[in-house]
4 protein chains.
Amino acid sequence: MSRNTSAGPFADSADGTADGTAARRTGRPRSRAADEAILAATRAALAELGFSRLTLGDVAARAGVAKTTLYRRWPGKSELVVDAVADLFDKLELPPGGGSLEADIEEVILQFAALLARPEVRTALMAVVAEATDDEALRARIRQAIVDRQKRLVLQGRARAQERGELTPPADPRQAEYEADLIFDTLAGAVVHRALVSCEPVDTPWATALATLVTQGLRPRP
Amino acid sequence: MSRNTSAGPFADSADGTADGTAARRTGRPRSRAADEAILAATRAALAELGFSRLTLGDVAARAGVAKTTLYRRWPGKSELVVDAVADLFDKLELPPGGGSLEADIEEVILQFAALLARPEVRTALMAVVAEATDDEALRARIRQAIVDRQKRLVLQGRARAQERGELTPPADPRQAEYEADLIFDTLAGAVVHRALVSCEPVDTPWATALATLVTQGLRPRP
Amino acid sequence: MSRNTSAGPFADSADGTADGTAARRTGRPRSRAADEAILAATRAALAELGFSRLTLGDVAARAGVAKTTLYRRWPGKSELVVDAVADLFDKLELPPGGGSLEADIEEVILQFAALLARPEVRTALMAVVAEATDDEALRARIRQAIVDRQKRLVLQGRARAQERGELTPPADPRQAEYEADLIFDTLAGAVVHRALVSCEPVDTPWATALATLVTQGLRPRP
Amino acid sequence: MSRNTSAGPFADSADGTADGTAARRTGRPRSRAADEAILAATRAALAELGFSRLTLGDVAARAGVAKTTLYRRWPGKSELVVDAVADLFDKLELPPGGGSLEADIEEVILQFAALLARPEVRTALMAVVAEATDDEALRARIRQAIVDRQKRLVLQGRARAQERGELTPPADPRQAEYEADLIFDTLAGAVVHRALVSCEPVDTPWATALATLVTQGLRPRP
DNA sequence: CATTAATCGAGACGGTACGTCTAGTCTTCAG
DNA sequence: CTGAAGACTAGACGTACCGTCTCGATTAATG
């Protein structure tokens, strides 16, 4: 077992060390085109077959690539799938206008729900989390590729709310992070549970209700 | 494809015992001992190997049972695993004494967290939910064996809180169910997300914070 | 590596222990039909592709059998090929009539040459011998399945010649075996070398010449 | 398929040296040192791993050379191996002194046996012959590099024996060649069969016996 | 001396076969 | 009919080599 344990396909091909001189070693460089073809094929196969019926041989065939090329870049199915859905999470954004905290939360919920409505995300998300329960490396990859990109929104929303004066700045920065984590787990967990466990629609009324619940919970009454 | 699609192992063997009228069919009866041995072996294998490395052949060998016996009772790995962890969810209970709504919620959170700390539950829960994303029969089995047993607590808690006068009875019964679903998805989702995605401890301070958040969110300020 | 190291497919299925009671253990018995289908498919593939282009996957497909069935019976390609060509060597026989030693030898040479003219034997024989150079188990299998069946003819021919008075019985039985080995290596080696290395035809004139050479060499002049 | 089908590594680089007319083309010339390193690495790998476990990648690594360099010079494994063992066959010589025909034959047998005792020759010889069964180009290479160098001794021995008066000059030159072929196939075949199939030692007593057999067979009694 | 063109190392590439593993079914005999 | 045992078909697994290719870097003879 001399598995590839790199952080991802782009970690290698970034080929620029810290100093930016980008001293490529020797040999034929890896094909950038192959990376994109593989990730696209993975998303297509996920949507069509679901995570557990997806095979790396099939992905390779769809991408017009040899299996070895795939294994050279990713250690296994879970890591590949994480990277394949990762960039979809880049598109999550707070609403542009100067709304309220509650409106921001509602918007984020709906955006996340829209993502979970995509079949490739739906089938991939729980599966990779399940695989990660006893695989720290995979857990780190998920955190970096998916979780942190969601969490960013919570932090931005908090900052905006403070600017607007809706929330008071926290006394202790550690307390602030603790609270942000709570909000994040609550919002993300609730949406995922509603969508994938309860299998009920995450629509505007439900999003409003959840946003209200959390917003009111945040502001302790006197 | 002549898969066994029964709801569980006892669905078959229960017939003829409860009311005594149903004449038992001919031939050798199924061994009750085998059922428990298989479920126990499944839990052990889950804890040791994790869901994805668990194989039915291995379970059969651990239980001292032939693979045939296993497939006669369960259609596949996911269904077996659901049944194996199901009865652990029976033990969830509201605290006996006459506490507050907030205390009840906190206690439920901690009980659920204790369950998620068991390795067999940790690895099984997300995995079977993931498998169920495109398998309605499995989803139904999960709901009956796991989800409903958790949800029951939310409904009991709501009833208690009304008795105590902490919450007003809902005007519309549909509204009540809608709210209960929201609370359930929020609590369960937050705990799971905290434990399995964020990988942070679900301890008493965090449980208190979440209970507070939800309790305050429930009681709209004037 | 827990490879099957049995002496052959029939060693198992003979399923009669030394006492002849044939106490078959349990479980589904191996299919006899599969054995024959696999060996026939192997011969066909050998003739068509040659030893080095033959793959076990292809043999399994031709035989209408899963790869595992094949690997359950034979440890590898070489052993399978040995068994596949072995029974062709059973058909070697001395000529029936009461000819001379020289005529017997010539006949044997031509029969062996006819065997070597078959493409499956042609491609298999050298290949398995080559593979056997550092594999004692394979060497033993070849000896039992192929070499001993050829050698038998030499011993029979020697016995006949003594009956006819063409050769004198050897004083020392060890000397007799030594001589038989020499004759065998000489005849078999010469035919193989002519056919596969020199690539010249092993026809009647050549067989006569070799038979004469050996017969004269055997009877030292006074 | 633009395979290199040249007769050998020196066939290319030799051009322009023998007669000096052929102007070497421009560009960097091939490294002579690489040739020898590759052949030596091949012999080492053969002795260590055997023909079938030898890989060109491994040979390249042992020789400190890129795979490309190897494929530029040889079309494949078999051709490389033939060349690697070829020069060992150059060392075969008739004994210097004026012995007898029988003594010459015995000496040749023992020299050939000594060669076959080397593990790299042992594993390579049968393997390349097996590969050559349906590859005319490889067969030609083997004939030129190995077979003809052995056959030369038979022709020299025949000539010597005639000079000594042990054998009469053949009436027909075609008959002479035919007889030489027979002797060659018999001697070479017997030694190879003894060493690689029967796996018995080719020692002086056996060599004497074979030499006697052939010598007596050659001189028909009155 | 600069140009030029084939060489060199390194290593990624598309393929193919490997031998193993698991899924789920089927076939035997024993109770 | 159930049970253990184990052979069966089917197909994915991850690895190993194959022979080719694309790089940047050498290295002579030629211009």
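So you know, we letter chains A, B, ... as the sequences are listed, proteins then strands, and number each from 1.
- The residue from A:Arg73, A:Arg141, A:Lys77, A:Arg43 that alone fulfils the salt bridge (charged side-chain N to carboxylate O under 4.0 Å, His left out) condition with A:Asp83 is A:Arg141.
- Each of A:Leu54 and D:Thr55 was matched to the nucleotide of DNA chain F holding its nearest heavy atom; the match closer to the 5' end belongs to A:Leu54.
- With D:Glu120 as reference, D:Leu46 is the one residue of D:Leu54, D:Leu46, D:Val81 to meet the side-chain contact (heavy atoms from CB on, under 4.5 Å) rule.
- The separation between C:Trp74 atom CH2 and E:dG19 atom C1' is 16 Å, rounded to whole Å.
- Minimum heavy-atom separation, B:Phe51 to B:Thr123: N-OG1, 3.0 Å.
- Between the CG atom of C:Leu70 and the C1' atom of F:dT9 there is a distance of 13 Å, given to the nearest Å.
- In this structure, A:Arg53 and B:Asp134 approach most closely via the heavy-atom pair NH2-OD2, 2.9 Å.
- Atom NZ of B:Lys77 is separated from atom P of E:dA23 by 6 Å (rounded to the nearest Å).
- Nucleotide F:dA28 holds its C1' atom 14 Å from the CZ atom of D:Arg32, rounded to whole Å.
- What separates CG of C:Leu56 from C1' of E:dT20 is a distance of 13 Å, to the nearest Å.
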Stepwise side chain to side chain contact (heavy atoms under 4.5 Å, CB included) test for D:Trp74 and D:Leu56:
CA-CA 11 Å; D:Trp74 287 277; D:Leu56 294 198; over 6 Å; no
If a protein heavy atom is under 4.0 Å from the base, mark B; if only from the sugar-phosphate, S; if neither, -; do that for nucleotides 2-8 of chain E going 5' to 3'.
---BBBB
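- The separation between B:Lys67 atom NZ and E:dT27 atom C1' is 14 Å, rounded to whole Å.
- For the pair B:Asp35 CG and F:dT2 P, the computed distance is 13 Å after rounding to whole Å.
- Residue A:Phe51 contributes atom CZ, which lies 14 Å from atom C1' of F:dA12 at whole-angstrom precision.
- In this structure, CG in D:Leu49 is found 6.0 Å from CG in D:Asp58, a value given to the nearest 0.5 Å.
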